[in-house]
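The block underneath contains the structure these notes are about, expressed in structure tokens.
Whatever order the structure lists them in is the order used to number ligands and atoms, beginning at 1. In this chain, numbering begins with 1 at the start of the sequence shown.
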Amino acid sequence: ISATIIMSKLPNVTTSIFTVMSKMASEYNAINLSQGFPNFPVDGRLTDIIAKLAKENVHQYTPMAGYPPLMNQIANLVQKSYNRIIIPETEILVTAGATQGIFTSILALVKAGDEVVILDPSYDSYESPVLLCNAKPVRVTLNDDYTPNWETIEKACSSKTKMIIVNNPHNPTGKILTESDFLHLEKLLSKYPDIIVLSDEVYEYITFEEKHISAHTKNFLLDRCIMISSFGKSFHITGWKIGYTVAPEHLMKEIKKVHQFLVFSVNSISQAAISQYLDVVDVNLLGKFYQEKRDYFQKLLQNSRFELKPCEGTYFQVASYANISNDDDVTFCKKLITDHGVAAIPISTFYSDHKDQKLIRFCFAKDDFTLESAAKKLCNI
Ligand code: PMP
Ligand code: GLN
């Protein structure tokens with residue numbers, strides 16, 4: 001039997017670190033603070049809505065770009081949160097999670113030979129769609145304190161640059177962009193007016209002392225920015241895989257062309273459920289909710305040998321284990337599971353050069369008991 005020989009389109013892609021660590025955590029029965037998902041119950045109002053909807057007529061295709069009542073609710077949410085008026089019919093797309101919004105937008109807009117600037121450490125969903133377009137990912141490292149280095153970003157840009165991908169609040173570092181960052185971005189875009197900004201804001205409602213500054217609020221971005229949001233992150237329902245993308249009509253027209261053949265329409269019952277839930281839920285409570293978790297987790301680890309880095313947003317805490325071990329971070333995370341019963345994510349996997357800095361990421365979107373049990377183990381190391 002001879003197998004067909006294929007040339008991989010993504011020869012360097014392996015199983016995602018989130019899958020690897022979650023699988024290993026379950027094999028060794030470790031407490032899973034690796035992959036980012038909450039382990040506490042979903043809001044009862046949402047589960048009641050979905051139970052009721054199961055018996056109603058919401059089981060057939062919705063219109064391609066989204067269920068109209070949900071599109072209107074998204075427009076209301078964006079207006080309430082950011083004072084931006086968007087037109088549901090032309091500027092919103094409901095997606096199967098933020099992942100699909102990112103992939104679809106890149107596929108629709110980036111051409112062979114284009115360059116796309118990605119800021120490292122970076123989430124794993126950005127590079128592969130760029131490569132599938134036969135375009136070039138240009139990975140630029142953030143400063144040591146995870147602020148963007150606008151000088152190196154500008155140096156990385158040229159007439160070939162089609163897109164800059166920004167993730168704010170930032171996974172894995174928990175850093176958020178400042179007004180000064182947006183001024184630098186505005187200056188950069190005045191030099192390169194054709195660059196499209198893809199702003200991944202899936203943690204938009206999870207910030208703490210400092211307020212999140214959304215690309216939605218910046219006039220200079222409105223005609224060239226694609227906004228990526230995730231209901232999975234905002235409503236503790238990562239498994240539902242539902243989110244939305246907002247873009248000006250000329251970009252959205254192209255994005256919808258790809259969506260039409262990639263997905264056509266996102267599952268109807270979750271769209272209907274979220275459109276009703278948006279009447280009762282208050283997204284502004286999310287920051288306080290996760291700030292309490294962050295503070296509690298930090299307090300629990302206060303006497304450990306881990307050194308905790310600042311966390312301004314998201315539900316991730318970066319920690320240095322330099323005082324504990326000389327192992328590289330991937331080895332350290334594996335031993336953390338096998339020898340100590342806690343799973344985390346090695347930060348080197350977010351860099352193109354896999355630079356080891358003895359840093360790991362914990363997810364604190366967990367119930368108190370889980371955080372306490374994990375902290376007990378981590379304090380014994
Ligand atoms: N972007 C970032 C920065 C993420 O951390 C994640 C993971 N939740 C996603 C996108 C993907 O979100 P979703 O599960 O809605 O596809
Ligand atoms: N966004 C999640 C994280 O950063 C992972 C989601 C996934 O496994 N694809 O942990």
At a 4.0 Å threshold, what atoms of ligand 1 neighbour a non-hydrogen atom of Gly97?
15 (O), 16 (O)
Mind checking whether Gln100 has an N or O less than 3.5 Å away from an N or O of ligand 1?
no
Test: Lys293 cationic atom under 6.0 Å from Phe364 six-membered ring centre, within 45° of axis
no
Where does Arg361 meet ligand 2, judged by heavy-atom distances below 4.0 Å: at the side chain, the backbone, both, or neither?
side chain
Pairs of donor and acceptor atoms involving the side chains of residues 256-264, under 3.5 Å and at least two apart or interchain, shall be tabulated with distances.
residue : atom : partner : partner atom : Å
Lys256  : NZ   : Glu89   : O            : 2.8
Lys257  : NZ   : Glu254  : OE1          : 3.4
Lys257  : NZ   : Glu254  : OE2          : 3.0
His259  : ND1  : Gln100  : NE2          : 2.8
His259  : NE2  : Met64   : O            : 3.4
His259  : NE2  : Phe264  : O            : 3.2

Tell me the protein heavy atom at minimum distance from atom 8 (N) of ligand 1, and give that distance in Å.
Lys233 CE, 2.3 Å
Please verify whether a non-hydrogen atom of Lys241 lies at under 4.0 Å from ligand 2.
no
heavy-atom search around atom 9 (C) of ligand 1 in the protein gives Tyr123 CE2, 3.5 Å
If you look at every heavy atom in Met227 and Ser214, which pair is closest and at what distance?
CE-OG, 3.9 Å
Atom 5 (O) of ligand 1: nearest protein contact (heavy atom, Å):
Tyr203 OH, 2.6 Å
Heavy-atom contacts with Asn167 under 4.0 Å: which atoms of ligand 1 show up? List them by number with element.
3 (C)
Looking only at heavy atoms of Lys241, does any of them come nearer than 4.0 Å to an atom of ligand 1?
yes
State whether the shortest distance between N or O atoms of Phe18 and N or O atoms of ligand 2 falls below 3.5 angstrom.
no
May I ask you to check if Lys366 and Phe37 form a cation-pi contact, with NZ or CZ under 6.0 angstrom from the six-membered ring centre and within 45° of the axis?
yes
Nearest protein heavy-atom contact for atom 12 (O) of ligand 1: which residue, which atom, what distance?
Ala98 CB, 3.5 Å
Which class fits the ring pair Phe231 and Phe235: parallel under 30°, tilted 30 to 60°, perpendicular over 60°?
parallel
Without swapping roles, check the side chain of Glu91 against the backbone of Ile86 for a donor-acceptor pair under 3.5 Å.
no
N/O separation below 3.5 Å, Asn171 to ligand 2
yes
Between the candidates Ser125, Ala98, Gly36, which shows the shortest non-hydrogen contact distance to atom 2 (C) of ligand 2?
Gly36
Name the closest protein heavy atom to atom 1 (N) of ligand 2, giving the residue it belongs to and the distance to 0.1 Å.
Tyr123 OH, 3.2 Å
Quick one: list whatever passes side-chain hydrogen bond (donor to acceptor under 3.5 Å, both in side chains) with Arg294, sequence neighbours left out.
Glu209
To atom 2 (C) of ligand 1, the nearest of Asn168, Ile242, Asp200, Thr99 on a heavy-atom basis is Asp200
Any donor-acceptor pair under 3.5 Å linking the side-chain atoms of His216 with those of Glu204?
no
Hey, can you tell me if Phe332 and Tyr321 have their rings parallel, tilted or perpendicular (30° and 60° cut-offs)?
parallel
Donor-acceptor check, side chain of Asp114 to backbone of Ala135, threshold 3.5 angstrom: yes or no?
no
If the cut-off is 4.0 Å to any non-hydrogen atom of Val202, which atoms of ligand 1 fall inside it?
1 (N), 2 (C), 3 (C), 4 (C), 10 (C)
Any side-chain to backbone donor/acceptor pair from Asp295 onto Glu292? Under 3.5 Å, distance only.
no
Reported CG-to-CD1 distance for the pair Leu198 and Ile226, which is rounded to 0.5 angstrom
5.0 Å
Could you tell me whether some N/O pair between Ser230 and ligand 1 is separated by less than 3.5 angstrom?
yes
Below 4.0 Å, non-hydrogen atoms only: which portion of Phe37 touches ligand 2? Side chain, backbone, both or neither.
neither
Looking only at N/O atoms, are Gln35 and ligand 2 under 3.5 Å apart anywhere?
yes
